[in-house]
Number of protein chains: 2
Amino acid sequence: MNKRSGIKSKKRILDAAMKVFAEYGYAKANMRVIAKASDISIGGLYLYFKNKEDLYLTLMKSRMGDFAGKTMESVKDINDPAKALGIFIAMSLNYAKKHKELILVQGREHGFAFGLEMKRKFFRKQRGLIENIIRQGIQSGTFKKVDVQKTARIIFSVIRGFVLSIVVEPDSLFSPEECSNLILNGLIRRNNK
Amino acid sequence: MNKRSGIKSKKRILDAAMKVFAEYGYAKANMRVIAKASDISIGGLYLYFKNKEDLYLTLMKSRMGDFAGKTMESVKDINDPAKALGIFIAMSLNYAKKHKELILVQGREHGFAFGLEMKRKFFRKQRGLIENIIRQGIQSGTFKKVDVQKTARIIFSVIRGFVLSIVVEPDSLFSPEECSNLILNGLIRRNNK
DNA sequence: TTTATGCCTGAACGCTTGTTCATGTGAACT
DNA sequence: AGTTCACATGAACAAGCGTTCAGGCATAAA
């Protein structure tokens, strides 16, 4: 079982590591299991990654990049701010639901010092997107004159909370439509209906 | 340094364990450090707790009980549903901010199989509270006729997301007032202002 | 004083972990 | 054919972990 492409091996390791990390979390996942899942030897892992932390960080960086890219792309050409917000929310929730693995791994390592900066960067980026949508909405008169940053934080919190629910209570999720609807229109009844 | 009250020792261990778990997370926290922080021997720990898991679970159960009790008490006598929701949100956010330790520990162990049921129970209880408020709001005509359960989930998600932010980005929190305002009134502008 | 009881100790055990390194192997080039 | 080089191996090492247990000490009861 010798002689394989280095690139393929690296990819195989990353894919396998994702599954293992998702199942056990960083601390409990061990290199032997990852090696076996990658169909490579323990020593082989260290050919491609400096150590366990390097493997984890490389993995998270690449997967979070995908995530951010997808959501970003989904709103860039929408002009109606209400619609843009709805689509952003829908994209985020659906992507999260479809890629539970990533959430699981992330969910298990929230407090870790390493990787924290990476997460913050990701979150800031996502929040920036929401801020832009809100700003446009205010400018066009569609939205109220709210505090852009704080409102973006609240909306982002809903998404983040949803994502967390996937880990803890996968059975009690809500739909993107209802979520957008509540945020856009609020809970209090007005005029007629 | 002998002869101490068993009850006091147990309490001392729990308090110390909270700090250690908060700093290191479950997996990385070790019994030696907890023992030292509790001013007791390693063996001493095992007089009060069957093992590490038992210690962790006992700790979480008691602290989450407090948390739930406080928020519950804060809304039980409020009749105006909008106000009740606002207070519940404010209580939750403020309590979370004030007791970051608990959040930290929880935040670090989200995926763990053990303790998951306990968390679910807690979450269901909290969500039930929100549902009741919404139901009252609809009945009294203050709120729209929304889907009670799903709306409660969304609102609870905001709170959960906020709580998560405490761990990841303590500098980008939002105020309870703005949060309630967005949920109650929505983002879209109406009529005049 | 002897015995019993409750609280406490920490060396020692067995196991798991991340990481290293001497060694092996096959394909490509000379 | 020999040489080189990238890819791969897994036993071995050192460190850390949770847990146990034979024993110690102080107070209360006999």
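Lettering of chains follows the sequences in order, A, B, ..., and the numbering in each one begins at 1.
Partner of B:Phe49 under the side chain to side chain contact (heavy atoms under 4.5 Å, CB included) criterion, chosen from B:Leu59, B:Leu57, B:Asp54: B:Asp54.
Nearest nucleotide to the B:Ile40 side chain, out of D:dT9, C:dT19, C:dC8: C:dC8. Side-chain proximity of B:Tyr46 to D:dT20, D:dA8, C:dC7: nearest is D:dT20. When each of D:dG10, D:dT19, C:dC8 is scored by its nearest atom to the side-chain atoms of A:Ser41, the top-ranked nucleotide is D:dG10.
In this structure, CD1 of B:Ile34 is placed 11 Å from P of D:dC17, rounded to the nearest angstrom. Taking atom CG of residue B:Asp39 and atom P of nucleotide C:dG10, one finds them 11 Å apart after rounding to whole Å. At whole-Å resolution of the value, CZ in B:Phe49 and P in C:dC8 are 12 Å apart. Rounded to a whole Å, the NZ atom of A:Lys52 is 9 Å from the P atom of C:dT17. Computed from coordinates, the A:Ile13 CD1 to D:dC7 P distance equals 11 Å when rounded to whole Å. Atom CG of B:Leu45 is separated from atom P of D:dT20 by 12 Å (rounded to the nearest Å). Distance CG (A:Leu47) to P (C:dT23): 17 Å, rounded to an integer number of Å. A:Lys36 places its NZ atom 12 Å from the P atom of D:dT9, with the value rounded to the nearest Å.
For D:dG16, the base has no donor-acceptor partner in the side chain of B:Arg32 [N/O atoms by modelled type, under 3.5 angstrom].
The terminal axes of the helix from C:dT1-D:dA30 to C:dC29-D:dG2, fitted over 5 pairs per end, subtend an angle of 20° to the nearest 10°.
Classification of the B:Phe21-B:Tyr26 ring pair by plane angle, with boundaries at 30° and 60°, yields parallel.
Looking only at side-chain heavy atoms (C-beta outward), A:Gln149 and A:Ile134 stay at 4.5 Å or farther from each other.
When each of B:Lys50 and A:Gly44 is assigned the nucleotide of DNA chain D with its nearest heavy atom, A:Gly44 is the one assigned upstream, toward the 5' end. Map A:Asn30 and B:Ile7 each onto its nearest nucleotide of DNA chain C; the residue landing nearer the 5' end is B:Ile7.
Residue B:Ser9 places at least one side-chain N or O closer than 4.0 Å to OP1 or OP2 of C:dC8.
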